Protein chains: 2
Amino acid sequence: MTVTIYDVAREAGVSMATVSRVVNNNPNVKPQTRKKVFEAIERLGYRPNAVARGLASKKTTTVGVVIPDISNSIFSEVARGIEDIANMYHYNIILCNADKKKEKEIRVINTLLEKQVDGLLFMGGTVTEEHLQAFNTSSVPIVLCATTDEQNAVASVDIDHEKAAFDAVNVLIQNGHRDIAMISGTLQDPANGYARYQGYKKALEAAGMTLREDYVRIGNYRYESGLEVTKHFLELKDRPTAIFAATDEMAIGAIHTLQDNGLKVPEDVSVISVDNIRMASMVRPQLTTVAMPMYDIGAVSMRLLTKLMNKEMKDASELMQVILPHEVIHRNSVAHRS
Amino acid sequence: MTVTIYDVAREAGVSMATVSRVVNNNPNVKPQTRKKVFEAIERLGYRPNAVARGLASKKTTTVGVVIPDISNSIFSEVARGIEDIANMYHYNIILCNADKKKEKEIRVINTLLEKQVDGLLFMGGTVTEEHLQAFNTSSVPIVLCATTDEQNAVASVDIDHEKAAFDAVNVLIQNGHRDIAMISGTLQDPANGYARYQGYKKALEAAGMTLREDYVRIGNYRYESGLEVTKHFLELKDRPTAIFAATDEMAIGAIHTLQDNGLKVPEDVSVISVDNIRMASMVRPQLTTVAMPMYDIGAVSMRLLTKLMNKEMKDASELMQVILPHEVIHRNSVAHRS
DNA sequence: CTGTTAGCGCTTTCAG
DNA sequence: CTGAAAGCGCTAACAG
């Protein structure tokens with residue numbers, strides 16, 4: 001039925017070991033023998049069994065990636081970065097959506113580990129004590145992607161969310177705005193929520209402005225939420241002249257309710273955010289935002305993982321927190337205060 | 001170092017076979033023994049090795065999915081549908097981007113097969129003779145996702161692209177439009193290109209209208225392309241009053257160059273397309289389009305694959321071409337001809 | 001440069 | 001209900 005390395009060996013008149021060598025490109029094989037073996041392989045239509053190889057060699061050349069939701073463009077960008085580099089180093093990836101649910105995250109981490117992945121890339125919600133415990137049972141390297149744990153106990157690659165938010169709010173301030181509202185994510189979320197809120201707060205402070213409670217509203221990162229939340233700002237007696245949204249999607253939502261209410265962006269109200277999803281340049285006005293290098297975060301974390309898997313470097317804890325640079329992308333949603 | 005089934009057996013005072021039974025939920029184990037084994041597992045922190053299991057049982061509970069580009073929202077939607085159902089049936093997925101490049105597609109199909117996936121989901125460009133050959137070397141079931149092969153030789157799930165385009169153009173016609181241009185994809189692409197173009201053509205014919213060469217332009221499916229191509233229509237002496245784009249992204253591009261040139265959508269020019277990506281309702285005006293059920297295509301094809309893998313049904317060739325329904329989503333980019 | 005020989009960790013008859 | 005034993009297909013020393 002299925003042709004094995006043994007069949008090839010017999011067909012070529014050599015030993016299994018030799019066949020294994022040519023299949024694995026081991027140079028210690030006489031060209032002549034190599035040729036014989038290749039012919040036998042061809043003739044028999046032999047296809048190496050990676051599972052058997054994995055059991056024998058204790059390496060599967062596959063890495064696990066747990067991701068919140070692959071259909072979310074932010075994460076699918078990261079995933080593309082991961083897969084490109086994985087591919088480059090001859091790894092495959094097993095993709096698991098976990099929707100930022102702790103239970104599900106822990107569960108998939110375990111099944112990935114059962115599948116003997118050579119490494120793990122984790123992209124999720126908050127990294128809790130339980131996550132750390134699960135990571136600890138792993139004998140393969142793990143790197144956090146677009147997240148970090150409080151203790152910096154595990155390698156990670158991310159941007160400085162607080163600084164990104166700070167920079168965003170600052171362009172508003174530089175444009176003369178003083179009444180700046182924020183559409184935040186939940187403060188429970190360390191990176192996209194809390195950190196970005198902190199950046200907003202600190203930027204105001206640095207400019208000697210005071211934070212108004214009614215200028216901060218919590219959204220859920222999505223477009224519809226930006227649409228909703230902005231209505232509240234519109235009801236205020238003294239409306240903000242600028243809005244900082246924690247994500248591009250919410251910012252686009254904000255722009256639309258503004259427009260739907262007869263306000264012009266950026267003439268009447270300026271809008272800025274963080275992320276730089278593809279859609280940011282596909283709306284009118286085009287969105288000014290702070291670019292988070294999604295693809296690079298994926299690519300760099302996968303590259304880091306390969307190094308760890310090859311033991312090119314030990315997980316030197318502190319040194320393993322890589323922060324990628326962000327950048328303000330000036331487009332058309334911010335104007336000087338009129 | 002690593003604890004195996006043998007260690008657990010010794011610890012629990014039973015045989016490997018018994019441990020295997022409890023791990024696999026085989027009912028033929030006395031509750032008492034089961035308990036002993038579970039305790040031993042707990043005590044030792046035993047984690048089953050799925051690779052060894054895969055070798056012994058010849059099943060890996062993982063399926064391969066080859067996809068053009070996971071960062072493209074169309075495909076990432078499909079992927080989510082696939083993963084959800086896979087998860088439901090306890091399968092994991094190995095994801096490979098192949099960018100619709102034949103070479104790459106064939107290559108990943110082979111490595112996926114080497115990894116002994118239990119089934120394969122293929123989403124790609126044209127299915128050529130070479131693809132069919134590669135599929136033929138497979139002993140596991142394969143289903144095409146959002147594509148079909150000419151010969152209907154392999155199971156597939158997709159929508160009727162021609163009919164979807166036909167329906168889209170028809171809403172334009174129903175609205176009194178007679179000068180309808182099309183932004184098409186390449187005619188080399190059977191589904192999104194050729195079939196959608198055919199639908200356009202047939203809708204015009206059915207309405208007794210003649211197709212104007214200069215009203216058809218080829219784009220590359222993306223936003224920027226829609227932006228570009230539309231400029232040509234603007235240069236025509238008798239401009240179209242409506243535009244049908246093969247994809248939402250190109251339609252949004254069309255809307256924007258229309259707007260950027262002082263034309264109003266839909267008052268001056270109507271725009272419709274096919275896809276219904278998330279962004280379609282995140283632009284102004286919101287896009288009227290024919291919804292292609294991306295998530296469902298993924299979900300249904302994965303479900304079909306599970307049936308094939310369980311041999312619940314043999315690949316009854318002809319019967320295996322499932323066509324999912326599409327639906328016109330009326331939003332605000334189409335108006336009656338003024 | 002090539003062959004022999006043990007396993008890798010688990011499932012699966014087959015007995016009992 | 002439980003155990004013994006034979007592999008699954010391949011890699012990796014170790015000899016030669």
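Predicted model, so just to flag it, every value in this text is computed and none were measured.
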* To do: Indicate yes or no: does B:D99 engage A:R80 in a salt bridge with an N to O separation below 4.0 Å.
  =>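 A salt bridge is present here (some side-chain N lies under 4.0 Å from a carboxylate O).
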* Asked: Does the pair A:D189 and A:Y221 meet the rule for a side-chain hydrogen bond (donor to acceptor under 3.5 Å, both in side chains), with working shown?
  -> CA-CA 11 Å; A:D189 177 349; A:Y221 303 126; 2.6 Å; yes
* To do: With heavy atoms under 4.0 Å as the rule, sort B:V14 into base, sugar-phosphate or nothing.
  =>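 The answer is sugar-phosphate, as B:V14 gets under 4.0 Å only of primed atoms, P, OP1 or OP2.
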Using a cut-off of strictly less than 4.0 Å, decide whether [X] has a side-chain nitrogen or oxygen near OP1 or OP2 of [N].
X: B:T4; N: C:dG9; value: no
X: A:S57; N: C:dC8; value: no
X: B:S20; N: C:dT12; value: no
X: B:K59; N: C:dT11; value: no

* Asked: From the list C:dT2, D:dG3, C:dG9, which nucleotide is the closest neighbour of the side chain of A:R21?
  ->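 Taking heavy atoms from C-beta onward, the closest nucleotide is C:dT2.
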* **Shortest side-chain distance from A:T18, nucleotide among D:dC10, C:dT2, C:dC10** =>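 For the A:T18 side chain, the nearest candidate turns out to be C:dT2.
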For [X] and [N], what is the distance between atoms [atom1] and [atom2] respectively, to the nearest whole Å?
X: A:Y6; N: D:dG7; atom1: OH; atom2: P; answer: 13 Å
X: A:Q116; N: D:dC10; atom1: CD; atom2: P; answer: 19 Å
X: A:K115; N: C:dG9; atom1: NZ; atom2: P; answer: 19 Å
X: A:N24; N: C:dT2; atom1: CG; atom2: P; answer: 15 Å
X: B:I5; N: D:dT2; atom1: CD1; atom2: C1'; answer: 14 Å
X: B:L55; N: D:dG9; atom1: CG; atom2: P; answer: 7 Å

* Near DNA chain C, under 4.0 Å by heavy atom, which residues of residues 26-46 of chain B? ->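 Residues of residues 26-46 of chain B under 4.0 Å from DNA chain C: B:Y46.
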* To do: Examine the base of D:dG9 for any acceptor or donor lying under 3.5 Å from a partner atom in the side chain of A:R47, and report the outcome as yes or no.
  =>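 Looking at the base of D:dG9, it does not pair with any donor or acceptor on the side chain of A:R47 (distance under 3.5 Å).
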* Under 3.5 Å: donor-acceptor pair, side chain of B:T33, backbone of B:K30 ->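 Yes, the answer is positive, given that a donor and an acceptor are paired below the 3.5 Å cut-off.
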Sub-3.5 Å pairs of nitrogen or oxygen atoms, protein against nucleotides 5-7 of chain C:
none

* **Degree of bending in the helix from C:dC1-D:dG16 to C:dG16-D:dC1 once both end axes are built from five pairs, to 10°** =>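 Taking the rotation axis at each end, their angle is 30°.
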* Heavy atoms, side chains only, cut-off 4.5 Å: are B:L324 and B:V322 in contact? ->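 Yes - at least one pair of side-chain heavy atoms lies under 4.5 Å apart.
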* Polar contact flag, side-chain donor to acceptor under 3.5 angstrom, A:R47-B:N110 ->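 On atom types as modelled, these side chains qualify, holding a pair under 3.5 Å.
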* **B:A52 vs B:S15, nearer the 5' end of DNA chain D by closest nucleotide** =>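 Going by which nucleotide is closer to the 5' end, it is B:S15.
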